[in-house]
Amino acid sequence: MFNPNAAHPNRPTALQTGLDVRLACRSGGFDGPTTGLAPGYVQGNLAILPRDWAEEFLRFCIANPKPCPLLGISEPGDPRLATLGADFDIRTDIGRYRVWRDGELADEPEDVRAVWRDDLVSFVIGCSFSFEEPLLAANIPIRHIACGCNVSMYRTNVATRPAGRFRGPLVVSMRPLRPADAIRAVQITSRLPAVHGAPVHLGFPEAIGIRDLAKPDFGDAVPVEPGELPVFWACGVTPQAAIAAARPPFAITHAPGCMLVTDLKNAQLSEC
């Protein structure tokens, strides 16, 4: 069984709710990947943009619902999203952020209070870490959790639908599964469109432009054992590729794998 404290020595021992994780990040006590934390709570990717770029980014999310399923949007300059958590500060409640300037990665701070602005609009996007709970409940093993590392993420040759200045490649996350487990995973995740839904591709990584599974663009490599299929889900890191392509003067995202853990419950997102 995955021991998150062994994988990340600075991880607090009791992170059972979304609030637990947010407070640990806010205090500086935790800055690692959030996979396996706060079982049952919805995790989200983050993109923060100036107000004059926000409308185009919203259209990009609407045009690309698989990689960009929206969970919440803030008012300009407001670090709170009451629909996602009662005690909530988007500037401090993620373990590690990415700050972008003119489409280039400029910094990876542990909080963004020093660069916060009154015109910033926050977008919280569903994360595949949320559907790992029902997969594990169905006895489907998750390799990166078993290995105590981050999920493997890859840029593909699949283009997203452009919206204004935003465009770029689809980014996917990968989990190796036995064929029977892959079929069951499709059934389970198809009921969770708010956290990316069913996979977008199974097997044959070269068909979507992935040359080497051992060299992910984000996260950590995990072994694919004989008899397993690499199963690929749309990933909420896709907006970071779109931000790099659009080159807004300023933007903030999460560091891959370091998610915002909300007060929403995974059970609230399931479609029967």
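- Glu110 places no side-chain N or O within donor-acceptor distance of the main-chain N or O of Asp31, the cut-off being under 3.5 Å.
- Put simply, the side chain of Asp220 gets close to the backbone of Asn150: a donor and an acceptor are under 3.5 Å apart.
- Between the side chain of Gln268 and the backbone N or O of Lys265, at least one donor-acceptor pair lies under 3.5 Å.
- Two residues are said to be in side-chain contact when any heavy atoms from C-beta on lie closer than 4.5 Å; Pro134 and Leu192 meet this criterion.
- Using modelled atom types, no side-chain atom of Tyr97 and backbone atom of Ile252 make a donor-acceptor pair closer than 3.5 Å.
- Shown are Glu228, Glu132, His144; of these, the side-chain hydrogen bond (donor to acceptor under 3.5 Å, both in side chains) with Arg175 is made only by Glu132.
- Two residues are said to be in side-chain contact when any heavy atoms from C-beta on lie closer than 4.5 Å; Met259 and Asn45 meet this criterion.
- Judged by distance alone, the side chain of Arg165 and the main-chain N or O of Pro162 form no donor-acceptor pair under 3.5 Å.
- The environment of Arg117 atom CZ is dense: over 12 non-hydrogen atoms of other residues, nucleotides or ligands sit within 6.0 angstrom.
- At least one donor-acceptor pair closer than 3.5 Å links the side chain of His201 to the backbone N or O of Gly203.
- The main-chain N or O of Leu46 is found under 3.5 Å from a side-chain atom of His254 such that the two form a donor-acceptor pair.
- Shortest non-hydrogen contact noted between Ser152 and Ala221 is OG-CA, 3.7 Å.
- The stretch residues 59-75 participates, sequence neighbours left out, in these side chain to side chain donor-acceptor pair (under 3.5 Å) pairs: Glu55-Arg59.
- Ser128 is not listed as a side-chain neighbour of Val151, based on a closest heavy-atom distance of 4.5 Å or more.
- Between Pro223 and Arg143, some side-chain heavy-atom pair lies under the 4.5 Å cut-off.
- Scanning for side-chain hydrogen bond (donor to acceptor under 3.5 Å, both in side chains) contacts around Thr189 gives Trp233, with sequence neighbours left out.
- Salt-bridge check for Asp87 with Arg26: passed, with a basic side-chain N closer than 4.0 Å to an acidic carboxylate O.
- Shown here are the side-chain hydrogen bond (donor to acceptor under 3.5 Å, both in side chains) partners of Asp89, two or more places apart in sequence or in another chain: Arg91.
- Ring geometry for Trp53 versus Phe166: interplanar angle over 60°, hence perpendicular rather than tilted (30 to 60°).
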